[in-house]
**Student:** 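Handing you this structure, nothing more for now.
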Amino acid sequence: MSKKVLIIDDVEGVRESLKLILSDYYNLIITEDAGQGLNCVENDQDIGLVLLDIKMPGYNGLEVLQKIKNVSPELPVIIVTGYKSVETATEAVRLGASGYIVKPFKAEEILDVVKKKMK
Ligand SMILES: [Mg+2]
């Protein structure tokens, strides 16, 4: 295992699914709090990719994305979004996200995107 995947999502079920899918292959940092996630990006040099929920209470996902990109411009961020927020996700790609995944996602989609985009 090399770099870590940072997962930021307010829904426990989503965090658990991502953990199940990824934990055999990657070291994970999992948080429900975007502020804490940002803190990790600022302090942990070993993060190689971020899976970022676009809708979290108290946070605008696009702002969180921009803050991550400000701190670490090369760090790939994949947006995890509900189908109702796909427009926001395409906006996120315009703002520097490396791609997005629509919930409910399949394990292969997640593994594929992490493998391809991991820095
Ligand atoms: Mg959410």
Side-chain angles (χ1 to χ4, degrees):
M1 295 202 208
S2 51
K3 292 237 168 180
K4 301 172 192 168
V5 176
L6 171 64
I7 295 166
I8 308 173
D9 199 301
D10 65 301
V11 176
E12 186 178 10
V14 177
R15 295 196 303 273
E16 281 302 310
S17 318
L18 291 170
K19 184 179 172 183
L20 277 172
I21 294 166
L22 293 166
S23 60
D24 283 349
Y25 310 99
Y26 300 99
N27 287 312
L28 305 177
I29 303 172
I30 304 173
T31 181
E32 62 190 294
D33 182 86
Q36 208 177 333
L38 268 173
N39 207 31
C40 293
V41 170
E42 283 165 0
N43 296 300
D44 191 334
Q45 306 304 314
D46 288 336
I47 296 169
L49 184 133
V50 182
L51 290 171
L52 175 66
D53 183 16
I54 202 90
K55 277 202 168 173
M56 292 171 285
Y59 289 100
N60 174 328
L62 293 180
E63 275 176 24
V64 178
L65 167 70
Q66 286 175 298
K67 284 181 181 167
I68 292 173
K69 297 306 277 189
N70 281 342
V71 173
S72 187
E74 304 299 317
L75 180 61
V77 179
I78 305 295
I79 302 296
V80 181
T81 180
Y83 71 93
K84 284 178 182 163
S85 305
V86 167
E87 261 181 46
T88 315
T90 54
E91 173 71 3
V93 170
R94 204 182 60 75
L95 293 171
S98 298
Y100 64 88
I101 282 184
V102 180
K103 293 184 262 196
F105 44 73
K106 291 183 179 136
E108 308 86 78
E109 286 179 88
I110 297 290
L111 288 168
D112 216 54
V113 80
V114 173
K115 191 177 169 188
K116 279 190 187 137
K117 304 288 186 180
M118 184 79 150
K119 204 186 95 192

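Here, residue 1 is the first one in the sequence, and each next residue gets the next number.
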**Student:** Check this for me: does any side-chain nitrogen of one of R15 and E12 sit under 4.0 Å from a carboxylate oxygen of the other?
**Tutor:** no
**Student:** Is the shortest side-chain heavy-atom distance between L22 and L111 below 4.5 Å?
**Tutor:**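 L22 vs L111: side chains touch.
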**Student:** Quick one: are M56 and I8 in side-chain contact, heavy atoms under 4.5 Å?
**Tutor:** yes
**Student:** Working to the nearest 0.5 angstrom, can you tell me the gap between I7 CD1 and L52 CG?
**Tutor:** 11.5 Å
**Student:** Going through the distances and angles, do K103 and D53 end up as a side chain to side chain contact (heavy atoms under 4.5 Å, CB included)?
**Tutor:** CA-CA 10 Å; K103 293 184 262 196; D53 183 16; 3.4 Å; yes
**Student:** Using the rule that Ile, Leu, Val, Met, Phe, Trp and Tyr join whenever any side-chain heavy atoms are under 4.5 Å apart, tell me whether I78 and V5 fall into a single cluster.
**Tutor:**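 They do share one cluster, since a chain of ILVMFWY contacts under 4.5 Å joins I78 to V5.
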**Student:** Stepwise, does the side chain to side chain contact (heavy atoms under 4.5 Å, CB included) test hold for V114 with Y25?
**Tutor:** CA-CA 10 Å; V114 173; Y25 310 99; over 6 Å; no
**Student:** Please report the shortest heavy-atom distance between A89 and T81, naming the atom on each side.
**Tutor:** CB-CG2, 3.9 Å
**Student:** Does Y100 use its side chain to pair, donor to acceptor, with the backbone of T90 at less than 3.5 Å?
**Tutor:**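 Between the backbone of T90 and the side chain of Y100 there is no qualifying donor-acceptor contact (under 3.5 Å).
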**Student:** Rounded to the nearest 0.5 Å, how far does CG of L20 lie from CD1 of I110?
**Tutor:**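 These two atoms lie 12.0 Å from each other.
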**Student:** List the atom of A92, the atom of I79, and the distance in Å for their closest heavy-atom pair.
**Tutor:**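 That closest heavy-atom pairing would be CB-CG1, 3.6 Å.
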**Student:** Donor-acceptor check, side chain of S72 to backbone of I68, threshold 3.5 angstrom: yes or no?
**Tutor:**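 No: the side chain of S72 does not pair with the backbone of I68.
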**Student:** If you look at every heavy atom in V64 and L38, which pair is closest and at what distance?
**Tutor:** O-CD2, 4.3 Å
**Student:** Any chain of hydrophobic side-chain contacts (each under 4.5 Å) joining V50 to Y26?
**Tutor:** no
**Student:** Quick check: does any side chain N or O of K69 sit under 3.5 Å from a backbone N or O of L75, one acting as donor and the other as acceptor?
**Tutor:** yes
**Student:** Hydrophobic clusters here meaning ILVMFWY residues chained together by side-chain heavy-atom distances under 4.5 Å, can you tell me if L18 and V102 are in one?
**Tutor:**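 No, because L18 and V102 fall into different hydrophobic clusters, even though each may have its own neighbours under 4.5 Å.
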**Student:** Rounded to the nearest 0.5 Å, what separation is found between the CD atom of Q36 and the CD1 atom of I29?
**Tutor:** 10.0 Å
**Student:** To the nearest 0.5 angstrom, please state how far the CD1 atom of I30 sits from the SG atom of C40.
**Tutor:**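 One finds 11.0 Å between CD1 of I30 and SG of C40.
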**Student:** Under 4.5 Å between side-chain heavy atoms, hopping through other hydrophobics if needed: is there a path connecting I21 to L51?
**Tutor:**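 Yes; tracing contacts between hydrophobic side chains, which count when under 4.5 Å, links both residues.
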**Student:** First locate atom NZ of K67, then atom CD of E42, and finally report the distance between them rounded to the nearest 0.5 Å.
**Tutor:** 9.5 Å
**Student:** Could you pull out the closest heavy-atom pair between N60 and L62, with the gap in Å?
**Tutor:** OD1-N, 2.8 Å
**Student:** How many angstroms lie between NZ in K119 and NZ in K3, if you round to the nearest 0.5 Å?
**Tutor:** 5.0 Å
**Student:** Side-chain heavy atoms under 4.5 angstrom apart, residues restricted to Ile, Leu, Val, Met, Phe, Trp, Tyr: same cluster for V86 and V14?
**Tutor:**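 No, it is not one cluster - the side chains of V86 and V14 are not joined through contacts under 4.5 Å.
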**Student:** Considering non-hydrogen atoms only, spot the tightest contact between V93 and G99 and give its length.
**Tutor:** CG2-CA, 4.1 Å
